[in-house]
Structures are given as C-alpha cells and as structure tokens.
S.K.: 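If you scroll down you'll find the structure; I have some questions about it.
Just so you know, these numbers come straight off a predicted model, no measurement behind them. The figures here come from the full heavy-atom set of this structure, side chains too, leaving out hydrogens, waters and symmetry mates. One-based numbering along the sequence shown.
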Amino acid sequence: MRLSKPSRLALGIITGVILTAIYLPLLVVVLNSFSTSKSLTWPPPGFTLEWWGRAFTNEGAIQATGTSLLVAVIATAIALVLGTLISLALQRFAFFGREAVNLLVILPIALPGIVTGIALNNFFRTILGVDLALWTVAVAHATFCIVTVFNNVIARLRRMGTNLEEASADLGAGVWTTFRLVTFPQLRSALLAGGLLAFALSFDEIIVTTFTAGEGVTTLPIFIMNNMLRPAQAPIIAVIAVVLIVISIVPIAIAQKLGNGVGEVKGK
C-alpha cells in the first residue's frame with residue numbers, strides 16, 4: 001500500500017516526536033555525566049571528566065556491577081538450557097496441553113514486574129521457606145529470560161523443518177548425535193541472540209529484583225535507585241547510567257543482527 005505525501009509527512013513527524021521523547025532524556029543523562037554540577041541540571045554549567053574517575057573507583061558501584069553481572073550470567077545460563085529444551089519439546093512433539101504450556105512459558109514476560117516479584121517472593125519465603133539471596137534473584141530473572149531464548153529458538157526450529165534431522169536418523173545417527181551434529185549447529189546463532197537478549201534483560205532489571213533480593217544483595221539498578229537523591233552522587237549515577245545504556249545496547253544490537261538470519265537455513 002502506497003501512502004500519500006501528506007500521510008508520509010504526518011507519519012514522519014509523529015515518529016520523530018516519539019523518538020525525541022524517548023532518546024532526548026538519555027542524551028541529557030549522557031551530558032550530565034560530564035557536567036561540573038553536583039546535581040542533574042540543564043544545561044550543564046561546564047564539562048569535566050571528574051565524575052567518570054570517581055565512578056570507576058566507587059567501591060559500591062563496582063560491587064553492584066559484579067553482582068549484576070553474576071546474576072545475569074546465571075540467569076542467562078538457566079534460560080539457555082530450559083528455553084532450548086522447552087522449544088524442542090513444543091516444536092518437535094505433539095502432546096495434550098501443548099498450547100497451554102506454550103502460553104505459560106511466554107506469560108512471565110507479559111505479566112507486570114510487580115506481580116511477578118510478589119509471586120516469586122511469596123514462593124521463596126512462604127512455600128519453599130528459604131531466605132532471599134543472590135540465587136533467588138538469578139532464578140527469578142531466569143523465569144522471564146527463558147522467554148527470549150524460547151522465542152528465538154522456536155522460531156529457528158519452525159523455519160529449519162525436520163528434513164535434515166530425519167535424514168540423519170535414516171543414516172543411523174542416534175538422537176544425541178543428530179542434535180549435536182545437525183540440530184545444534186543450526187541453532188547456534190538463535191541461541192546466541194536469545195542469550196544476549198536474556199543477559200541485557202537481566203542486567204538492568206529492578207522491579208523483580210527488589211522483591212527477590214536478600215539483605216546485602218545490591219545489583220547495579222538498585223544501587224542507582226538508592227543513591228539517586230544523595231548529595232553529590234547524581235553525576236556519578238549519571239556515569240553509571242551511561243555505562244548501563246552501553247551494556248544494554250551492545251548485546252541487543254548484536255542479537256538483532258543475528259536475529260535477522262534466524263530464518264536462514266543453509267543446505268543443499
């Protein structure tokens with residue numbers, strides 16, 4: 001369908017306004033990380049690299065970054081294993097309740113974070129009777145990180161079909177050999193894309209983390225929230241926010257590039 005010139009102009013203006021509303025505040029944060037002011041002001045009265053030096057030597061920020069990285073790695077590892085297994089089960093096998101299971105797998109990412117956080121807090125403390133700790137945060141993050149892996153892997157499985165796997169079985173290969181030599185090589189880019197998205201999703205998550213983190217467990221987003229209004233901490237928080245933006249953008253950009261080839265299956 002070809003749009004008229006006024007329609008294209010109106011659509012372009014609306015798109016520009018929306019993108020400006022989204023990215024202009026991020027630009028302000030970036031500029032404030034170089035500001036000479038001790039508070040977030042606009043326009044910045046001057047520019048300095050002092051806050052960057054302080055941020056990278058701030059013990060609390062370093063520990064929070066390490067905690068976030070550890071949680072994200074654990075959650076991503078869990079999501080890769082479970083997301084792949086669920087994808088294979090739902091795509092390669094027919095069984096009663098398959099559509100219901102598919103819905104239940106996707107549901108955690110659609111639910112409001114506060115609902116997921118309260119439910120998991122109640123599950124850990126009331127049903128399991130365990131204390132909240134770093135591992136409860138990682139498990140909580142894995143519940144919604146699984147969805148990103150699941151979506152990427154099941155999309156690849158749907159497009160690659162079963163011809164090569166059936167040919168491998170006809171030639172005498174077992175299930176594990178077929179998976180290792182035929183299925184897995186075709187899933188690698190989808191797994192990498194899903195893993196990168198899961199890592200980015202976990203690294204900057206705060207709502208579910210707030211409800212599932214034990215005493216003394218401080219991830220980077222929680223560190224930012226706790227220090228946002230403290231005197232002379234705002235510029236340091238701006239620096240950390242810029243680093244967080246970069247850490248989030250890079251894996252998402254790589255995942256998007258890899259995702260463009262999810263439907264491509266090489267073969268003769």
S.K.: State, yes or no, whether a side-chain contact exists between Leu132 and Phe211 at a heavy-atom distance under 4.5 Å.
M.R.: no

S.K.: Which atom pair, heavy atoms only, marks the closest approach of Trp52 to Val243?
M.R.: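 So the minimum-distance heavy-atom pair works out to CZ3-CG2, 4.2 Å.
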
S.K.: Got a donor-acceptor contact below 3.5 angstrom from the Ser87 side chain to the Gly83 backbone?
M.R.: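 Looks like yes, one N/O pair under 3.5 Å.
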
S.K.: Any side-chain heavy atom of Ser202 sitting closer than 4.5 Å to one from Val71?
M.R.: yes

S.K.: Over all heavy atoms of both residues, which pair between Ile86 and Val105 is shortest? Give the atoms and the distance, please.
M.R.: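 That closest heavy-atom pairing would be CG2-CG2, 3.7 Å.
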
S.K.: Please find the pair of heavy atoms, one from Ala198 and one from Thr148, that lie closest to each other, and give the distance.
M.R.: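 Of all heavy-atom pairs spanning Ala198 and Thr148, the closest is CB-OG1, 3.4 Å.
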
S.K.: A side-chain contact here means heavy atoms from C-beta on lying under 4.5 Å apart; do Phe123 and Val139 qualify?
M.R.: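 No. Closest side-chain heavy atoms not under 4.5 Å.
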
S.K.: Look at the side-chain heavy atoms of Ile, Leu, Val, Met, Phe, Trp and Tyr, link any pair under 4.5 Å apart, and say whether Leu19 and Ile13 land in one connected group.
M.R.: no

S.K.: Would you say Arg98's side chain and Phe93's backbone share a donor-acceptor pair under 3.5 angstrom?
M.R.: yes

S.K.: So which heavy atom on Thr212 is nearest to which on Gly117, and how close?
M.R.: CG2-O, 4.4 Å

S.K.: Does some side-chain heavy atom of Asn58 sit less than 4.5 Å from a side-chain heavy atom of Phe223?
M.R.: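 A side-chain contact under 4.5 Å exists here.
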
S.K.: Are Leu104 and Val81 linked, directly or through intermediate hydrophobic residues, by side-chain heavy-atom contacts shorter than 4.5 Å (ILVMFWY only)?
M.R.: no

S.K.: Is it the case that one hydrophobic cluster holds both Leu103 and Ile146, taking links as side-chain heavy atoms less than 4.5 Å apart, direct or via other members?
M.R.: no

S.K.: Rounded at 0.5 Å granularity, tell me how far OG1 in Thr183 sits from CG in Leu88.
M.R.: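 Result: 7.0 Å between the selected atoms.
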
S.K.: For the pair Phe184 and Phe179, name the ring-plane relationship: parallel under 30°, tilted 30 to 60°, perpendicular over 60°.
M.R.: tilted

S.K.: Can you tell if the side chain of Leu201 reaches within under 4.5 Å of the side chain of Ile109, non-hydrogen atoms only?
M.R.: yes

S.K.: Given the rule that I, L, V, M, F, W and Y join up when any side-chain heavy atoms are under 4.5 Å apart, are Ile237 and Leu49 in one cluster?
M.R.: yes

S.K.: Quick one: OG1 on Thr116 to CG on Leu111, what's the gap to the nearest 0.5 Å?
M.R.: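 Answer rounded to 0.5 Å: 4.5 Å.
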
S.K.: Let me confirm one number: the CD1-CD1 distance from Ile106 to Ile154, rounded to the nearest 0.5 Å.
M.R.: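 One finds 7.5 Å between CD1 of Ile106 and CD1 of Ile154.
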
S.K.: Do Ile18 and Tyr23 share a hydrophobic cluster (ILVMFWY, side-chain heavy atoms under 4.5 Å, transitive)?
M.R.: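 Hydrophobic grouping puts Ile18 with Tyr23.
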
S.K.: Out of the candidates Thr76, Leu69, Thr219, Val73, only one should pair with Phe203 under the side-chain contact (heavy atoms from CB on, under 4.5 Å) rule; please name it.
M.R.: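 Running side-chain contact (heavy atoms from CB on, under 4.5 Å) over Thr76, Leu69, Thr219, Val73 with Phe203 returns exactly one hit, Leu69.
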
S.K.: Working to the nearest 0.5 angstrom, can you tell me the gap between Leu85 CG and Leu80 CG?
M.R.: 10.5 Å

S.K.: Please examine the side chains of Gln63 and Thr218, heavy atoms only from C-beta on, and report whether any two atoms are closer than 4.5 Å.
M.R.: no

S.K.: Checking Asn102 against Phe150 for the side chain to side chain contact (heavy atoms under 4.5 Å, CB included) test, could you report, in this order, the C-alpha distance in whole Å, the side-chain angles of both residues, the deciding distance, and whether it holds?
M.R.: CA-CA 10 Å; Asn102 186 82; Phe150 171 79; 3.2 Å; yes

S.K.: Has Phe95 got more than 12 heavy atoms of other residues, nucleotides or ligands less than 6.0 Å from its CZ?
M.R.: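 Yes - once you tally the heavy atoms of other residues, nucleotides and ligands closer than 6.0 Å, there are more than 12.
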
S.K.: Check whether any side-chain heavy atom of Thr67 lies under 4.5 Å from a side-chain heavy atom of Leu220, and answer yes or no.
M.R.: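 Thr67 does not reach Leu220 side chain to side chain.
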
S.K.: Quick one: CZ on Phe56 to CD1 on Ile62, what's the gap to the nearest 0.5 Å?
M.R.: 9.0 Å

S.K.: Rounded to the nearest 0.5 Å, what's the gap from OG1 on Thr136 to CG on Asp131? Could you check?
M.R.: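 So the OG1 of Thr136 and the CG of Asp131 are separated by 9.5 Å.
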
S.K.: Are any non-hydrogen side-chain atoms of Leu134 and Ile74 less than 4.5 angstrom apart?
M.R.: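 Leu134 reaches Ile74 side chain to side chain.
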
S.K.: Give me the atom names and distance for the closest heavy-atom approach of Gly194 to Asn152.
M.R.: CA-ND2, 3.6 Å

S.K.: For the pair Ser68 (side chain) and Thr65 (backbone), establish whether a donor and an acceptor sit closer than 3.5 Å, ignoring hydrogens and angles.
M.R.: no

S.K.: What closest approach, in Å, do Ile222 and Thr209 show between heavy atoms, and which atom pair accounts for it?
M.R.: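 In this case the closest contact between Ile222 and Thr209 is CD1-CG2, 3.5 Å.
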
S.K.: Please work out which of the three classes, parallel, tilted or perpendicular, describes the rings of His141 and Phe144, given edges at 30° and 60°.
M.R.: tilted

